[in-house]
Amino acid sequence: MLNPIDTDKVIRDGGATGRFPSEIHPSVAWWMAACFVMTTRTDRLVAAYDGNPASAQFFDRMCIGAINVQHYACLVLDRGVANEDGLLVTMKDMDRAPGMRVSSEQDTLTITLYDRDGAPLTEHTGLHVIRRMIAEDRVPIPVNAGCKGRIQNYKEAAR
């Protein structure tokens with residue numbers, strides 16, 4: 001694995017949290033999203049971020065990671081800038097699609113993963129599986145270009 005992380009320290013509390021760039025880097029967003037799609041076996045999810053420039057970089061990598069997962073062809077509904085409540089409303093509007101959100105404060109960045117009920121992922125709902133996949137360098141990759149998902153603005157999907 002290029003640029004490994006301390007998975008036990010970083011992947012916790014509903015997602016991944018760490019100091020940027022010493023503990024967490026943009027590739028972590030890709031890894032988390034790809035493993036999240038694989039773990040939830042979803043073909044659609046909603047993604048958002050808090051609007052901070054550091055978060056935007058992670059948000060882009062997160063969306064790309066989610067669409068590049070084996071045969072899932074995941075549709076990522078790009079919510080863009082939204083607070084947690086905005087993401088949760090959009091997830092509900094999109095028939096309870098799982099969600100992901102990136103937020104940052106000073107030099108700490110957080111990637112939160114939400115299940116279909118809008119609750120942050122826990123050890124019992126898949127976080128331990130994601131941590132293990134990343135620790136063991138088993139982040140899923142696309143099988144072929146035909147299986148790649150796509151990113152779509154959520155407003156277009158809601159029409």
Side-chain angles (χ1 to χ4, degrees), residues 1-69 72 74-91 94 96-142 149 151-152 154:
M1 174 185 300
L2 295 175
N3 206 0
I5 60 168
D6 181 344
T7 54
D8 290 329
K9 182 177 181 180
V10 173
I11 301 174
R12 57 185 166 78
D13 304 329
T17 300
R19 299 182 137 236
F20 173 64
S22 60
E23 297 173 336
I24 194 168
H25 50 80
S27 293
V28 175
W30 175 299
W31 304 339
M32 292 291 291
C35 292
F36 183 50
V37 169
M38 184 83 161
T39 302
T40 59
R41 300 183 185 276
T42 190
D43 62 354
R44 175 174 63 127
L45 57 82
V46 181
Y49 71 106
D50 65 2
N52 290 330
S55 300
Q57 179 183 10
F58 280 73
F59 173 77
D60 290 341
R61 295 298 296 264
M62 184 174 70
C63 291
I64 293 169
I67 66 171
N68 280 290
V69 181
Y72 288 92
C74 186
L75 170 63
V76 175
L77 301 167
D78 177 352
R79 177 65 172 83
V81 176
N83 62 18
E84 183 180 44
D85 290 338
L87 172 66
L88 297 175
V89 166
T90 304
M91 289 168 54
M94 296 294 144
R96 296 181 56 227
M100 324 180 279
R101 184 171 180 271
V102 180
S103 58
S104 58
E105 188 171 316
Q106 295 176 345
D107 64 346
T108 300
L109 196 123
T110 301
I111 301 164
T112 307
L113 307 175
Y114 299 88
D115 65 19
R116 294 179 188 280
D117 295 323
L121 224 55
T122 67
E123 294 298 310
H124 302 294
T125 58
L127 197 59
H128 73 286
V129 174
I130 292 170
R131 182 184 308 104
R132 188 176 70 240
M133 290 172 75
I134 293 171
E136 296 173 358
D137 197 17
R138 294 186 303 119
V139 175
I141 58 173
I151 301 168
Q152 180 180 7
Y154 86 99

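Hydrogens, waters and symmetry mates are skipped; everything else that's a heavy atom, side chains included, is used.
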Atom CG in Leu88, atom CZ in Arg101: separation rounded to 0.5 Å? 9.5 Å
More than 12 non-hydrogen atoms from neighbouring residues, nucleotides or ligands closer than 6.0 Å to CZ on Arg132, yes or no? yes
How far apart are the closest heavy atoms of Gly15 and Met32, and which atoms are they? C-CE, 3.7 Å
Does the side-chain contact (heavy atoms from CB on, under 4.5 Å) test come out yes or no for Leu113 and Ile130, once each step is laid out? CA-CA 11 Å; Leu113 307 175; Ile130 292 170; 3.7 Å; yes
Side chain of Thr90, backbone of Gly86: donor and acceptor closer than 3.5 Å? yes
Nearest heavy-atom approach of Leu127 to Asp13 is CD2-N, 4.1 Å
Is Arg138 close to Cys35 at the side-chain level, that is, under 4.5 Å between some pair of heavy atoms? no
Distance (rounded to the nearest 0.5 Å) between Arg131 CZ and Trp31 CH2: 15.0 Å
Can any side-chain N or O of Asp50 pair as donor or acceptor with the backbone N or O of Ser104 at less than 3.5 Å? yes
Is there a side-chain contact between Val76 and Cys63, using heavy atoms and a 4.5 Å cut-off? yes
List the steps, then state whether side-chain hydrogen bond (donor to acceptor under 3.5 Å, both in side chains) holds for Arg41 with Tyr72. CA-CA 7 Å; Arg41 300 183 185 276; Tyr72 288 92; 3.1 Å; yes
Euclidean distance, Leu109 CG relative to Glu23 CD, rounded to 0.5 Å: 11.0 Å
Assess the residue pair Met91 and Arg96 against the criterion (side-chain contact (heavy atoms from CB on, under 4.5 Å)); give the C-alpha distance rounded to whole Å, side-chain angles, the decisive distance to 0.1 Å, and a yes or no. CA-CA 5 Å; Met91 289 168 54; Arg96 296 181 56 227; over 6 Å; no
Can you see which heavy atom on Cys74 is nearest to which on Ile67, and at what distance? O-CG2, 3.6 Å
Rounded at 0.5 Å granularity, tell me how far OG in Ser103 sits from OH in Tyr49. 13.0 Å
Rounded to the nearest 0.5 Å, what's the gap from CZ on Phe36 to OH on Tyr114? Could you check? 10.5 Å
Please check this pair: side chain of Asn52 against backbone of Ala54, looking for a donor-acceptor N/O pair closer than 3.5 Å. no
Smallest heavy-atom separation, Phe59 atom then Gly80 atom, equals CZ-N, 4.3 Å
Can you establish whether the number of heavy atoms outside Gln152 located under 6.0 Å from its atom CD is more than 12? yes
Show your reasoning for whether side-chain contact (heavy atoms from CB on, under 4.5 Å) applies to Thr110 and Val102. CA-CA 6 Å; Thr110 301; Val102 180; over 6 Å; no
Does a side chain donor of either Asp85 or Asn83 reach within less than 3.5 Å of an acceptor in the other side chain? no
Could you check whether any side-chain heavy atom of Ile11 comes within less than 4.5 Å of a side-chain heavy atom of Ile134, counting everything from C-beta outward? yes
So, taking the atom named OG in Ser55 and the one named CE in Met62, what distance separates them when rounded to the nearest 0.5 Å? 9.5 Å
Note, Val129 side chain near Thr39 side chain (heavy atom, < 4.5 Å): yes
Give the minimum heavy-atom separation between Gly51 and Val81, together with the two atoms involved. CA-CG2, 3.7 Å
Report yes or no: does Thr42 contribute a side-chain atom to a donor-acceptor pair with the main-chain N or O of Leu45 at less than 3.5 Å? no
Output all residues satisfying side-chain contact (heavy atoms from CB on, under 4.5 Å) with Pro21, sequence neighbours left out; order by chain, then residue number. none
With heavy-atom distances below 4.5 Å as the criterion, would you say the side chains of Ile5 and Ile24 are in contact? no
So which atom in Gly126 and which in Leu121 form the shortest heavy-atom distance, rounded to 0.1 Å? C-CD2, 4.1 Å
Test side-chain contact (heavy atoms from CB on, under 4.5 Å) on Thr17 and Arg12; report intermediate values, then the result. CA-CA 7 Å; Thr17 300; Arg12 57 185 166 78; 3.9 Å; yes
Using modelled atom types and a 3.5 Å cut-off, is there a donor and acceptor pairing between side-chain atoms of Asp117 and backbone atoms of Ala119? no
